[in-house]
K.L.:
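Below is one structure. I have some questions about it.
Source: prediction; values computed, not measured.
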Amino acid sequence: MGNSGSAVKVCTDHQGGINWLSLSPDGQRLLTGSEDGTARLWSTADSQCHGHFQGHESYITFCHLENEAAFTCSADHTIRKWDVVTGQCLAIYRGHTSIVNRILVAKDYLFSGSYDRTARCWSVDKEKQIQEFRGHRNCVLTLAHYSSRDVLEEEEEEEEEEEKVSRDLLVTGSTDCTVKVWWVSSGRCYQTLLGHTGAVLCLILDAPNRELFSGSTDYTIRTWNIVTGEQLKVFKEHQGSVICLELVNRHLYSGSADRTVKCWFVDTGERIQTYKAHKHSVSTLKYHAGILFTGSGDACARAFNSRSGVLQKIFRGHKFIINCIQIHNELLYTASHDGTLRVWDIRGICKRNKRRWKKERSVQGRSSQKGSLARLFNNKVGCMIQQENGEHEAVELM
């Protein structure tokens, strides 16, 4: 049992559950948004709190961090922009008439989705609403953004002459079971993607391949052509709502209320791996250096070998569901509804995974007749026993 995954820091500053955790593009800061109505800024260098953003009149549902500004949205129907150095509130975006669920910052735009059944676009700098996207019959839960330049050929772009002023498109997923694609400049709905029979909880966009992936409470993941609106594939093996998605090198990872993560090869639709051991829903996941990290409603984070599906570590210490995870400089950050942000050292597991990868490549190169990689992994797998050895424990299963 190694110490490389032990909690190196437990941050208890929040007075309510943490709903989201965002990492700045430069990796220097983390932002947490909480049920206590505040957001906090943390340095990844020392894991200390360096900013406390107060002003929302209700709990924070989601947050987003840029290098120089932080954004939070709240059940108080507003979005706020904060200076990461001074902590000053720089802007308040008002217009939604219900809880703001999600925000997305792209270019000079700030997008938001709400229980009021609308999505909206704001000017980041001018504190002004640019566009309202109205058409969903229920709340907007998830957002994605892309430019038509990323997906359309020149002749196709010419057909969309009225939208030439702005080629930006917004994708929204809703509890009305639909996904909609909107032109940002006009607010016009470009596509309505029909097929799901449950709420759309998560979206992943692969613009270079013209593909959109949506996960739903109908237990399925669907792949769409974002230019034509055609449904390409339906992934059906989950036995519970699909809560989170991650796309890495044409491999799609899906976390579900059925207590599993599944890995799919996008090009064929084949399910190539299932990651088990969770005792509750898989609420969040993140791929890093050949390792799949998950957070669950059972209050544990886990690390799996992404290729073999072998469980390598269990990170214990949280008391309630882990809502979000981030990884930076081989540190794992887990944010939970118990109000704590925990920091775990994952250098050891990352190093071992790299060594194992090199060894497997070497063995495979010497002889292709010694069996599959799965057999090589199975030879290393022992009895996986989960032990309770303390409050801040990382159990290594190797």
K.L.:
Just checking H251 against F265, ring centres under 6.0 Å apart?
P.N.:
yes

K.L.:
Would you call the rings of F235 and F213 parallel, tilted or perpendicular, taking 30° and 60° as the class edges?
P.N.:
tilted

K.L.:
Find out whether T72 and I79 are in side-chain contact, i.e. whether some heavy atom of one side chain is under 4.5 Å from a heavy atom of the other.
P.N.:
no

K.L.:
Around atom OH of Y287, are there more than 12 heavy atoms of other residues, nucleotides or ligands at under 6.0 Å?
P.N.:
yes

K.L.:
Classify the angle between the aromatic ring planes of W344 and F315 as parallel (below 30°), tilted (30 to 60°) or perpendicular (above 60°).
P.N.:
perpendicular

K.L.:
Using modelled atom types and a 3.5 Å cut-off, is there a donor and acceptor pairing between side-chain atoms of Q273 and backbone atoms of S308?
P.N.:
yes

K.L.:
Quiz question: by atom type and distance under 3.5 Å, do the side chains of S214 and H196 form a donor-acceptor pair?
P.N.:
yes

K.L.:
Before we go on, tell me: are the rings of H278 and F304 under 6.0 Å apart, centre to centre?
P.N.:
yes

K.L.:
Under a 3.5 Å cutoff, is there a donor and acceptor pairing between the side chains of N138 and T175?
P.N.:
yes

K.L.:
Between Y253 and Y275, what is the ring plane arrangement, given parallel below 30°, perpendicular above 60°, and tilted in between?
P.N.:
tilted

K.L.:
I'd like to know if the side chain of N329 and the backbone of L331 have a donor-acceptor N/O pair within less than 3.5 Å.
P.N.:
no

K.L.:
If you compare all heavy atoms of S281 against all heavy atoms of S296, which two are closest, and at what distance to 0.1 Å?
P.N.:
O-OG, 2.9 Å

K.L.:
Salt bridge between R302 and D298, side-chain N to carboxylate O under 4.0 Å?
P.N.:
yes

K.L.:
Name the orientation class of the two ring planes belonging to H136 and W182 (parallel below 30°, tilted from 30 to 60°, perpendicular beyond 60°).
P.N.:
perpendicular

K.L.:
Under 3.5 Å, is there a donor-acceptor pair linking the side chains of H238 and T220?
P.N.:
no

K.L.:
Any sub-3.5 Å donor-acceptor pair from D218's side-chain atoms to T197's backbone N or O?
P.N.:
yes

K.L.:
Would you please classify the geometry between the Y190 ring and the W183 ring as parallel, tilted or perpendicular, with 30° and 60° separating the classes?
P.N.:
perpendicular

K.L.:
Determine yes or no for a side-chain-to-main-chain donor-acceptor pair under 3.5 angstrom, with N101 supplying the side chain and V140 the backbone.
P.N.:
yes

K.L.:
Around atom CG of D108, are there more than 12 heavy atoms from other residues, nucleotides or ligands closer than 6.0 Å?
P.N.:
no

K.L.:
Counting only heavy atoms not in F62, do more than 12 sit closer than 6.0 Å to its CZ atom?
P.N.:
yes

K.L.:
Which pairs with one or both residues in residues 243-256 pass salt bridge (charged side-chain N to carboxylate O under 4.0 Å, His left out), sequence neighbours excluded?
P.N.:
D206-R250, E211-R250, R250-D267

